[in-house]
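Written below as structure tokens is the structure these notes are about.
The residues of the chain are indexed from 1 along the displayed sequence. Heavy-atom basis, side chains included; hydrogens, waters and symmetry copies ignored. Predicted, not measured: the structure shown is a model, and the values here were computed from it.
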Amino acid sequence: MPVTDSSDASTPLFDTLVVIGPGLIGASVLHRARRDRTIARRLIAVDINPAFRERVLELGIADEVTDDAAAAVADADCVMLCVPVGAMGEVAATVIPAMKPGAILTDTGSTKVAVIEAIRPFLRPDVPYVPAHPMAGTEYSGPDAGFATLFDNRWCLLTPLPDSAPHSVEAITALWQLCGARTRDMTPEHHDRVCAIVSHLPHLLAFTICGTADDLADETRSEVLEFAASGFRDFTRIAASDPIMWRDIFLSNREAILEMLSRFLEDAQAMARAIRWGDSDYIVDRIERGRSIRRSLLENRQA
């Protein structure tokens, strides 16, 4: 059995963990696993980018680095896919046939319904699959973006399938808890609706607002860049995120995002009407509700 007794602090959860795609999330998992070896005794990183492989070696966060995913997973007890959601199916098609019976497959995709649908055709009954999504990140990407405390007190949402073996769900839950995260299970559909409003829509708005500023007349645009206040700077931080990753997220979760965007546009139009007609009560109510959400995030240690 690949999973050891996590109650024994001297015994790692897995013997061998393979992280495919050591970017921000994958490299952070490797940093955390390397720190005290409670997650895995042996760490293997896989990436097709030679510069990324070289950097992982320089950082010393993996025992082995390779571009051969099939060979890397042959003796793995857990394989974690940390590639963009649009590449999940292609990578799964390569690694699942090469995995040994009983090894656990998991992923870190920001959308779940589309990722599960992409991976499902390649699943094997003797390789349990536990989808997961760590709700943590920064605007940076690549191996240098990773750090061991990225997941501390952040949520990792698990979306087990109806046939996910209980021991595999327990193991992946334990993995993320060892990374410092809080964990919760939910259905893939519910996950995608939640993330559409708390993560995907805010990124969409940030990209759009920065695009609007960039399209302004030259004189006004230069003043935007020169006099940018903290609110606009916060949007630019979000908008600095990896474009390929977010393209894939928007397209793979399009239905939930479009639903939340439609609801937002209705609320934005209502705010516009309140400003146009001087409805101060409506404006104050919306601001107070925003302040209340901010207080709740602080109390929940998510800000």
Side-chain angles (χ1 to χ4, degrees), residues 12 14-35 37 39-100 103-111 114-115 118-119 122 127 129-134 136-151 156 172 175-176 179 240-249 251-252:
F14 298 105
D15 184 71
T16 301
L17 169 67
V18 174
V19 173
I20 300 180
L24 169 63
I25 298 297
S28 294
V29 170
L30 291 170
H31 272 288
R32 188 71 171 224
R34 183 74 165 175
R35 190 171 72 175
R37 296 289 182 174
I39 295 173
R41 179 190 65 82
R42 182 168 173 245
L43 301 170
I44 301 176
V46 180
D47 205 288
I48 60 174
N49 185 328
F52 280 14
R53 295 197 302 272
E54 181 179 356
R55 190 60 187 137
V56 170
L57 284 172
E58 292 170 350
L59 292 168
I61 55 176
D63 302 300
E64 180 182 334
V65 183
T66 179
D67 64 348
D68 190 338
V73 306
D75 195 41
D77 301 303
C78 180
V79 176
M80 180 182 290
L81 307 184
C82 301
V83 298
V85 294
M88 288 287 182
E90 179 183 355
V91 176
T94 298
V95 303
I96 293 176
M99 292 174 66
K100 67 182 182 181
I104 300 173
L105 176 72
T106 188
D107 74 88
T108 63
S110 299
T111 66
V115 167
I119 291 175
F122 312 106
V127 173
Y129 169 45
V130 184
H133 174 204
T138 71
E139 68 271 30
Y140 302 108
S141 59
D144 284 298
F147 55 98
T149 58
L150 175 64
F151 310 109
C156 182
I172 300 304
L175 184 158
W176 285 109
C179 282
S241 301
D242 181 76
I244 300 302
M245 179 184 78
W246 279 101
R247 176 204 65 189
D248 288 354
I249 290 171
L251 294 177
S252 66

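Rounded to the nearest 0.5 Å, atoms CD1 (I39) and CG (L175) are 5.0 Å apart. For the atom pair W176 CH2 and H133 NE2, the distance stands at 9.5 Å (nearest 0.5 Å). Annotation: the span from R55 atom CZ to D144 atom CG amounts to 4.0 Å, rounded to 0.5 Å. Separating the CG atom in L43 from the CZ atom in R32 is a distance of 13.5 Å, to the nearest 0.5 Å. Rounded to the nearest 0.5 angstrom, E58 CD and R53 CZ are separated by 13.0 Å.
A heavy-atom distance below 4.5 Å is found between the side chains of I119 and L105. Considering only heavy atoms from C-beta on, S252 stays 4.5 Å or farther from V115 through its side chain. No side-chain heavy atom of M80 sits less than 4.5 Å from a side-chain heavy atom of I172. Residues P143 and L59 are in side-chain contact: their nearest non-hydrogen atoms beyond the backbone lie under 4.5 Å apart. Contact annotation: the side chain of V73 approaches that of I20 to within less than 4.5 Å [non-hydrogen atoms, C-beta and beyond]. Between R34 and D63 the shortest side-chain heavy-atom distance falls below 4.5 Å. Y129 places a side-chain heavy atom less than 4.5 Å from the side chain of D107. Two residues are said to be in side-chain contact when any heavy atoms from C-beta on lie closer than 4.5 Å; F14 and I104 meet this criterion.
Between A40 and L17, the shortest heavy-atom contact is CB-CB, 3.7 Å. Nearest heavy-atom pair across V127 and A103 is CG1-O, 3.5 Å. Across all their heavy atoms, A136 and F151 have their closest contact at CB-CD2, 3.9 Å. Counting all heavy atoms, side chain and backbone alike, G21 lies closest to D47 at CA-OD2, 3.8 Å. Taking every heavy atom of both residues into account, V85 and S110 meet most closely at CG1-N, 3.7 Å. Between T108 and M88, the closest heavy-atom pair is N-CE, 4.3 Å.
Results of the side-chain contact (heavy atoms from CB on, under 4.5 Å) test with L150 over C179, P134, S28 single out S28 as the only residue that passes. The salt bridge (charged side-chain N to carboxylate O under 4.0 Å, His left out) test with R41 singles out one residue from D15, D77, D75, and that residue is D15. The side-chain contact (heavy atoms from CB on, under 4.5 Å) test with V18 is passed by exactly one of V95, T66, L81, I44: I44.
Within a 6.0 Å sphere centred on CZ of F147, heavy atoms belonging to other residues, nucleotides or ligands number more than 12. Enclosure of atom CD1 in I48 is not indicated, since only 12 or fewer non-hydrogen atoms of other residues, nucleotides or ligands lie within 6.0 angstrom. By the 6.0 Å contact criterion, CD on E64 is enclosed, its count of non-hydrogen atoms from other residues, nucleotides or ligands being greater than 12.
T106 places a side-chain N or O within donor-acceptor distance of the main-chain N or O of V130, the cut-off being under 3.5 Å.
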